[in-house]
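Below you'll find the structure, written out as structure tokens, and then a few comments.
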Amino acid sequence: MMRALRHPSFLVGAVLSALIVALALVSLVWTPADPGRMNILARLRPPSAEFWLGTDQFGRDIASMLMVGARNALTVGLVAVGIGLVLGLALGLLAARADGTILDAAIMRLLDFVFAFPIVLSAILIVTLLGPGLVEAVVAIGLFNVPVFARLARGAALQVMRRDYIRAARLAGAGPARILLRHVVPNIAGLMIVQASVQFAVAILAEASLSYLGLGTQPPAPSWGRMLSDAQTFMARQPFLAIFPGAAIALAVLAFNLLGDGLRDLLDPRLRERGA
Amino acid sequence: MIIVENLSIRLGELEIVRGLSFTLAPGEVLGLVGESGSGKSMTALAVLGLLPPGMRASGSIRFEGQDLLRLSERELRAVRGRRIGMVFQEPMTALNPVMTIGAQIAEGVIRHGLADAAGASKRALRLIARVGLPDPAARLHAYPHELSGGQRQRALIALAIACRPALLVADEPTSALDVTVQAELLALLREIRDETGMAMLFITHDLAVVSRLADRTLVLYGGRAMETGATRALLAAPRHPYTHGLLAAIPRGNAHANPLRPMPGQVPELDRLPPGCPFFGRCPKGDALCRDVPPPPVPGASIAWCHRPEAAP
């Protein structure tokens with residue numbers, strides 16, 4: 001625990017992530033102003049005491065929209081990573097169980113095929129097929145997270161399954177399902193959590209990109225990506241409009257990446273042995 | 001109690017173990033001795049039905065009226081861990097790092113239907129105390145990384161005997177430990193054997209360990225039996241040149257009076273063994289007969305698979 005507090009990237013990542021989560025939670029009960037309320041008389045205002053981060057072209061309060069947008073970004077990250085983690089873990093374990101067989105090869109080559117496309121490009125493809133919308137975008141991002149988790153799970157599971165304690169578990173009379181769930185999964189959970197944190201950042205960025213292109217979150221729901229694309233038109237008159245959502249996206253991605261990096265270091269058994 | 005007959009283990013074309021036979025009576029300890037790659041660990045895994053994928057065993061392993069090599073995976077599950085326990089070599093990797101010691105000991109007891117969760121936990125506590133871990137109640141809830149190497153090996157022994165097996169297979173259980181801890185653990189295993197009357201298949205490369213624990217010894221080389229007999233007789237007057245060489249290579253006493261004689265050569269690749277005796281090529285007595293014809297078992301004070309055994313003194 002003390003070591004966690006001394007680890008700089010974990011500390012910064014954790015604090016920033018917690019801040020974003022806190023803002024999103026607060027937005028559920030309170031925002032500085034109603035994020036949907038337009039005010040023609042207060043358009044494109046710079047930051048002030050009344051509008052902390054200024055207003056957009058419809059006079060909506062940027063600070064409030066960012067807070068609600070954080071909620072949006074976190075939901076996207078959570079659901080997309082959830083889809084990727086659950087499906088990826090299941091497929092990875094299945095492939096590891098079937099190590100060296102046609103099933104293993106089939107699963108992994110299919111995932112390689114999916115993995116070969118950049119995440120945003122393939123999300124655009126799926127959204128084009130299913131139609132634009134938040135749900136479609138999240139599903140698309142989630143599906144393209146699957147290979148990342150599946151590969152990691154397969155490799156780590158193969159390594160764990162060679163250990164003697166898995167033999168010992170078989171001696172204890174545990175069947176294949178119990179061995180996977182009770183003995184293999186807990187031993188690869190640390191790795192998966194670290195990857196989840198990094199993929200969380202990727203998912204937030206992907207959703208922002210899709211929304212920027214008009215394929216993700218649909219108006220009037222606030223989204224960092226769409227705020228950024230709206231701001232483009234007014235860049236010359238009100239640069240703050242682009243700076244704040246841009247900074248929010250950058251900070252969120254940085255936060256979860258740092259958190260993942262820090263967790264990886266802290267969970268790495270080699271470093272842990274050295275620290276102990 | 002266990003009768004192994006003509007056991008062969010193949011990995012594709014490679015014959016890792018060939019035509020191995022041995023028996024074990026209740027309460028008896030058989031030392032299976034050999035260098036790395038002699039097939040001793042694979043023999044142990046075959047007895048437990050835990051051979052790595054791709055390896056095939058043939059012959060028969062009769063245990064309590066069943067041929068273990070002909071049991072289905074489901075039937076095997078009822079035997080291994082329950083009637084046959086195993087102590088693994090590496091205390092560092094044989095305990096699950098994310099489960100408490102108590103939970104790991106209890107798992108087998110519960111899954112083999114010997115007790116409910118509370119009963120298994122009580123049994124785990126007793127076993128932890130029996131194998132001599134200090135402060136058993138605390139160890140029950142400890143994770144493997146909180147234990148030293150010797151303590152982990154004690155925990156592994158507790159795990160292996162938790163279901164009161166009739167046969168304990170121990171694969172180099174003391175090789176990763178330093179000598180004093182080694183001696184303590186051998187004493188512990190002997191005590192447990194005396195208390196429970198279980199038989200033990202003890203696998204090691206260390207003749208000193210064998211001399212302390214094993215009633216009988218079987219020496220393996222290149223996957224084949226070289227010599228077998230009562231440990232005392234076999235170590236006092238080895239008849240096979242290989243056993244002879246192993247004994248000569250053990251450091252003892254004054255290095256000037258008893259200079260160490262290492263065995264020349266190295267363990268050959270399994271696919272380059274001669275058609276005759278696998279020890280041909282390193283054997284000081286080897287001739288054309290040894291190269292071409294597999295040696296028959298020659299009875300005497302021990303049984304030696306050798307064309308030119310030492311005469312009994």
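Keep in mind that the numbers below use all heavy atoms, side chains included, and drop hydrogens, waters and symmetry copies. Reminder, nothing fancy here: chain letters follow the sequence lines and each chain counts from 1.
At a 4.5 Å heavy-atom cutoff, the contact between A:A174 and chain B is made by backbone and side-chain atoms alike. For A:R162, no part sits under 4.5 Å from any heavy atom of chain B, backbone or side chain. Interface residue B:L48: only side-chain heavy atoms are found under 4.5 Å from chain A.
Atom CG of A:D164 and atom CG of B:N96 lie 12.0 Å apart (nearest 0.5 Å). Between atom CD1 of residue B:I84 and atom CG of residue A:L171 there is a gap of 9.5 Å, rounded to the nearest 0.5 Å.
With hydrogens and angles left out, the side-chain atoms of A:H183 and B:E107 include a donor and acceptor closer than 3.5 Å.
Counting non-hydrogen atoms of other residues, nucleotides and ligands closer than 6.0 Å to CD of B:E73 gives a total above 12. No more than 12 heavy-atom neighbours from other residues, nucleotides or ligands sit within 6.0 angstrom of CZ on A:R97. Summarising the local packing, CG of A:L121 is surrounded by more than 12 heavy atoms from other residues, nucleotides or ligands at distances under 6.0 Å. Within a 6.0 Å radius of CZ in B:R70, other residues, nucleotides and ligands contribute more than 12 heavy atoms. Within a 6.0 Å sphere centred on CZ of A:R178, heavy atoms belonging to other residues, nucleotides or ligands number more than 12.
The two residues B:P97 and A:N187 come nearest to each other via the heavy atoms CG-OD1, 3.1 Å. Between B:R77 and A:P176, the shortest heavy-atom distance links the atoms NH2-CD, 3.7 Å.
Across B:A94, B:A78, B:G108, the residue that shares the most heavy-atom pairs under 4.5 angstrom with chain A is B:A94. In terms of heavy-atom pairs under 4.5 angstrom with chain A, the leader among B:V109, B:T93, B:L45 is B:T93.
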Under the side chain to side chain contact (heavy atoms under 4.5 Å, CB included) rule, what do B:L159 and A:Y165 come out as? Steps first, then yes or no, please.
-> CA-CA 11 Å; B:L159 190 68; A:Y165 58 78; over 6 Å; no
Given side chain to side chain contact (heavy atoms under 4.5 Å, CB included), test B:M92 with A:R163 step by step and report yes or no.
-> CA-CA 10 Å; B:M92 300 299 163; A:R163 304 259 163 84; over 6 Å; no
Decide side chain to side chain contact (heavy atoms under 4.5 Å, CB included) for A:R167 and B:M86; before the verdict, give the C-alpha distance in whole Å, the side-chain angles of both, and the deciding distance to 0.1 Å.
-> CA-CA 10 Å; A:R167 285 199 172 121; B:M86 169 130 188; over 6 Å; no
